[in-house]
> 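Provided herewith is a single structure, encoded as structure tokens, for subsequent inquiry.
Letters A, B, ... are given to chains in the order of the sequence lines, protein chains preceding strands, and every chain is numbered from 1.
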Amino acid sequence: MLKSVGCGSLRLEHAGQSVSLAGWVHRRRDHGGLVFIDLRDSTGLVQLVFHPEEAPDAFNVAERFRAEWVAQVTGTVRPRPEGTANPNLDTGDVEVLASAAVVLNPSRTPPFDVSQDAPVDELLRMRYRYLDLRRPFMRENLRMRHRAVKFIRDYLDERGFVEIETPILIKSTPEGARDFLVPSRIHQGSFYALPQSPQQLKQLLMVAGTDRYFQIARCFRDEDPRADRLPEFTQLDLEMAFVDRDDIVALMTDLYTDLIRTIRPDKRVPLPVPHFTFEEAMARFGSDKPDIRFGLEIADFSPIVEASEFKVFSGVVANGGVVKGFAAPGLASIPRRQADELIELAKRYGAHGLVTIALDEAAGSLDTLTLDHVRTPARALALDEIRAMAAACGAAPGDLILIVAGEDPQSSSTLGQLRLHMGERLGLADPDTIALCVITDFPLFDWNENEQRWDSVHHPFTSPFEDHWERLEVDPGSALSRAYDLAANGYELAGGSIRIHERARQEAIFRILGHYAENVEEQFGHLLEAFEYGAPPHGGFAGGIDRLVMILSDKADSIRDTIAFTKTQIGVDPLFGAPSPVDQAQLDQLGLALAPRSPDTETQ
RNA sequence: GGCCCGGUGGUGUAGCCUGGUUUAACACACCGCCCUGUCAAGGCGGAGAUCGCCGGUUCAAAUCCGGUCCGGGUCGCCA
């Protein structure tokens, strides 16, 4: 070993010990006659002192040190002189008086400052990811990820779960997200797909009698990324046999609460974790993954305005729509320009418009409110209607009521987005709280207007409520599923369902989804056949590891900050230069020919 | 595919709206010199960008216009 101890491990108790250290020059402070070097390795930092009289050779080497040079240093640990301890450093009570120093490898000046967390262009960070990962916050994020995954493995191992790997090259099923395809060399013209999730594989493991399975599984979906979503991601994938919904929900909830409280003991996790039905979550928060760290709950004004003189509202209600809204406290005197921006925001989130009602603080109370205190484009609203709406959403004088009128669920969902926007703007979401909630009773299907057919809300293997099977033939939209989600601070942490384990019932679902029998046999025959060989009742869930770490970390601005190597929004890896063209010989082996490029792409 | 924000020394930004008074400014980093208790070390000095790219308008473009590329956000998409 080139070192006897880690830089970050040294404490007062090591004083007097002779040690050898190896690491990177984090910072240097050259006083001419005295040189301080902060040496960094994976364990942390320690200050080295180079003294020209005590060790002239080492001093001369240290004078050449620059940022990120790799050095090996031997010396003696000693307490820092009176008054020079650094309380900001774990090793701040000691320093190492160097007796010898060796340059193991010099470094070019790094393209950005590795010694601190200052913002750097993300493309540059990706191109020099190995330097980016030296930065303190990225190292912390990766360690936090490690601890989260280790916690999960230990927790599940203690409860009798077995981790089983499933293949990365599987069969393409053109449902759901776009598949990443891999051409087969042996079977030219045929393709493997990378798994979007090991869903069917883990169900087959249940048929195999595994009973309690989990996997830290890599998954792939060829769709455009978001700040909280990547085409290539890792999920905790879990499945159990002989369970009902509440068993899995309890396991999922306990696992995540214990995990958060272990890894971030400084965070508040409100307990017990509340449960909402999908309907209730949509009604109150306008989201199926609500951020419940703050209120701003949505109220239904439809009954109040159904006979209003304000025809925009009464007309929408008459046509089967809804009028809903919530109160933004203290924003009554919001400038016109900002109010217009809110309207633009509402339109971007799918509403036709947004009606605001500002209640002048001077009104004192709702009882003493007059129309003179009300500022709204909806002049035809009567005073008692305004009072009733304010009361319904908890608005007081000084507040701004935001109202959307239109179809539901679109209107609720728009209000849900506006609610998040307002929560952020008003600073209502406590950053030191991770507020979990469980959502249940999702619809089994929703109607796809564009393609005029039913889609699975979760996935087609999800079981409806036992007593909702008969609804499927008459009114599929009314059937509720045995699916559940765990949400945290407005993100979906995990989600799953009790599955269908009987062939006939699975086929019935496929029929409603519009699959023809021969397609079902081709795509899902293996699963259906397995169900005929004693498939036990089973269910499970999956949760994104990347997103979990993002929620756990205060230092991850995007999901990309939770993984070691990442790609740009258009799937380019600037470090390796992927994707890249391949040799003609490789194409020939696969029996592939590239389609000619169109002339305008040729010139690019 | 749509929309929004951004691209100026190595890094992070200002300048852009309102074109000329900028030799393109500032901080950090870098290089040199000084400096024996600093830890965001300090002091002095220096080098470094024709402003993503192409084209246009203009006497004059970092600044205005069009196109394009790249990065990010977002809608679509993500059963």
Side-chain angles (χ1 to χ4, degrees), chain A residues 26-39 45-54 59 63 66-68 80-89 91-92 95 97 108-128 131 173-179 196-197 199-200 219-231 233 341 344-345 347-350 413-414 417 444-446 448 450-451 453-462 483 492 495 497 509-510 513-515 523-524 544 557-558 560 567-570 572 574 600 603-604:
Chain A
H26 190 70
R27 255 187 213 125
R28 101 195 139 95
R29 293 177 293 281
D30 184 347
H31 289 228
L34 190 66
V35 174
F36 296 100
I37 297 292
D38 290 338
L39 195 69
L45 288 180
V46 70
Q47 171 169 285
L48 314 177
V49 189
F50 293 84
H51 218 284
E53 288 105 45
E54 308 226 11
F59 178 84
E63 282 215 297
R66 292 295 182 271
E68 299 307 310
R80 292 204 185 183
E82 190 70 32
T84 62
N86 183 349
N88 299 321
L89 215 56
T91 61
E95 62 190 14
L97 180 63
R108 291 166 63 179
T109 301
F112 51 85
D113 188 353
V114 169
S115 71
Q116 56 180 9
D117 291 340
V120 177
D121 177 69
E122 202 165 351
L123 182 62
L124 198 65
R125 292 176 55 197
M126 287 187 213
R127 175 140 175 242
Y128 296 97
L131 296 180
T173 50
E175 300 297 311
R178 196 177 291 118
D179 280 327
Q196 299 182 22
S197 95
Q199 178 62 34
Q200 294 182 57
C219 305
F220 307 86
R221 294 176 189 173
D222 191 3
E223 300 289 349
D224 292 348
R226 289 288 182 276
D228 65 344
R229 206 174 77 196
L230 290 172
F233 61 100
E341 282 170 10
E344 283 312 304
L345 206 57
K347 286 182 176 165
R348 189 139 43 96
Y349 291 133
S413 145
T414 301
Q417 298 274 21
L444 189 61
F445 303 114
D446 64 11
N448 185 329
N450 293 336
E451 307 195 18
R453 59 177 174 85
W454 293 103
D455 281 339
S456 289
V457 168
H458 188 50
H459 56 51
F461 315 112
T462 301
E492 185 191 321
S497 62
I509 297 291
F510 284 138
L513 291 172
H515 293 290
Q523 288 180 24
F524 302 107
D557 289 335
S558 84
R560 295 180 299 279
K567 298 183 182 67
T568 73
Q569 217 170 52
I570 51 173
V572 169
D600 27 309
T603 55
Q604 281 167 15

> Below 3.5 Å, does any donor atom in the side chain of Arg80(A) face an acceptor in the base of rC39(B), or the other way round?
yes

> Grab the CD1-P distance between Ile570(A) and rG1(B) for me, whole Å please.
10 Å

> Can you tell me which nucleotide in rC39(B), rC77(B), rG37(B) comes closest to the side chain of His31(A)?
rG37(B)

> NA contact type, Asn86(A), heavy-atom cut-off 4.0 Å: base, sugar-phosphate, or nothing?
base

> Base, sugar-phosphate alone, or nothing: which one does Glu95(A) contact when heavy atoms must sit under 4.0 Å apart?
base

> When you check the side-chain N and O atoms of Asn86(A) and Gln47(A), is any donor under 3.5 Å from an acceptor?
no

> Return the nearest nucleotide to the side chain of Gln199(A); candidates are rC39(B), rG37(B), rA79(B).
rA79(B)

> Does rC26(B) have a Watson-Crick or wobble partner in any strand here, with both distances under 3.5 angstrom, and which is it?
rG12(B)

> Report the nucleotide, chosen from rG37(B), rG73(B), rU11(B), that has the shortest atom-to-atom distance to any side-chain atom of Phe112(A).
rU11(B)

> As a test of reading the structure: which of rG71(B), rC78(B), rC31(B) is closest to the side chain of Val572(A), going by heavy atoms?
rG71(B)

> Answer with base, sugar-phosphate or nothing: what part of the nucleic acid does Pro81(A) contact at a heavy-atom distance below 4.0 Å?
base

> Output the single nucleotide from rG71(B), rU38(B), rA79(B) whose closest atom is nearest the side chain of Met126(A).
rG71(B)

> Measure centre to centre between the rings of His51(A) and Phe59(A), then say whether the value is under 6.0 Å.
no

> Contact class for Pro111(A) vs. all strands (heavy atom < 4.0 Å): base, sugar-phosphate, or nothing?
sugar-phosphate

> Measure the acute angle between the ring planes of Phe510(A) and Phe524(A), then classify it against the limits of 30° and 60° as parallel, tilted or perpendicular.
parallel

> Tell me which one of Arg28(A), Arg29(A), Arg27(A) satisfies side chain to side chain donor-acceptor pair (under 3.5 Å) with Asp38(A).
Arg29(A)

> Quick check for you: among rU36(B), rG12(B), rC77(B), whose closest atom lies nearest to any side-chain atom of Glu223(A)?
rC77(B)

> Counting any heavy atom closer than 4.0 Å, what does Asn88(A) reach on the DNA or RNA strands: base, sugar-phosphate only, or nothing?
nothing

> Is there a side-chain contact between Gln569(A) and the phosphate of rG73(B), meaning an N or O under 4.0 Å from OP1 or OP2?
yes

> Give one of base, sugar-phosphate or nothing for Thr84(A), where a contact means two heavy atoms less than 4.0 Å apart.
base

> Which is true for Leu124(A) with a 4.0 Å heavy-atom rule: it touches a base, it touches only sugar-phosphate, or it touches nothing?
sugar-phosphate

> I'd like to know if Arg226(A) reaches the base of rG76(B) with its side chain, counting only an N/O donor and acceptor under 3.5 Å.
yes

> Would you state whether a donor and an acceptor, one from the side chain of Asp224(A) and one from the base of rG76(B), lie under 3.5 Å apart?
yes

> Can you identify which nucleotide, out of rA79(B), rG73(B), rA29(B), has its nearest atom closest to the Ala227(A) side chain?
rG73(B)

> Could one point to a donor on the side chain of Glu122(A) or the base of rG73(B) with an acceptor on the other under 3.5 Å away?
no

> Base, sugar-phosphate alone, or nothing: which one does Ala177(A) contact when heavy atoms must sit under 4.0 Å apart?
sugar-phosphate

> Should Arg66(A) be listed as having a side-chain N or O under 4.0 Å from OP1 or OP2 of rC31(B)?
yes

> Sticking with atom P, work out how far rG73(B) lies from rU36(B), rounded to a whole angstrom.
50 Å

> So, under a plain 3.5 Å distance rule, would you say the side chain of Arg348(A) forms a donor-acceptor pair with the base of rC75(B)?
no

> Do Arg229(A) side-chain and rC77(B) base share a donor-acceptor contact under 3.5 Å?
yes

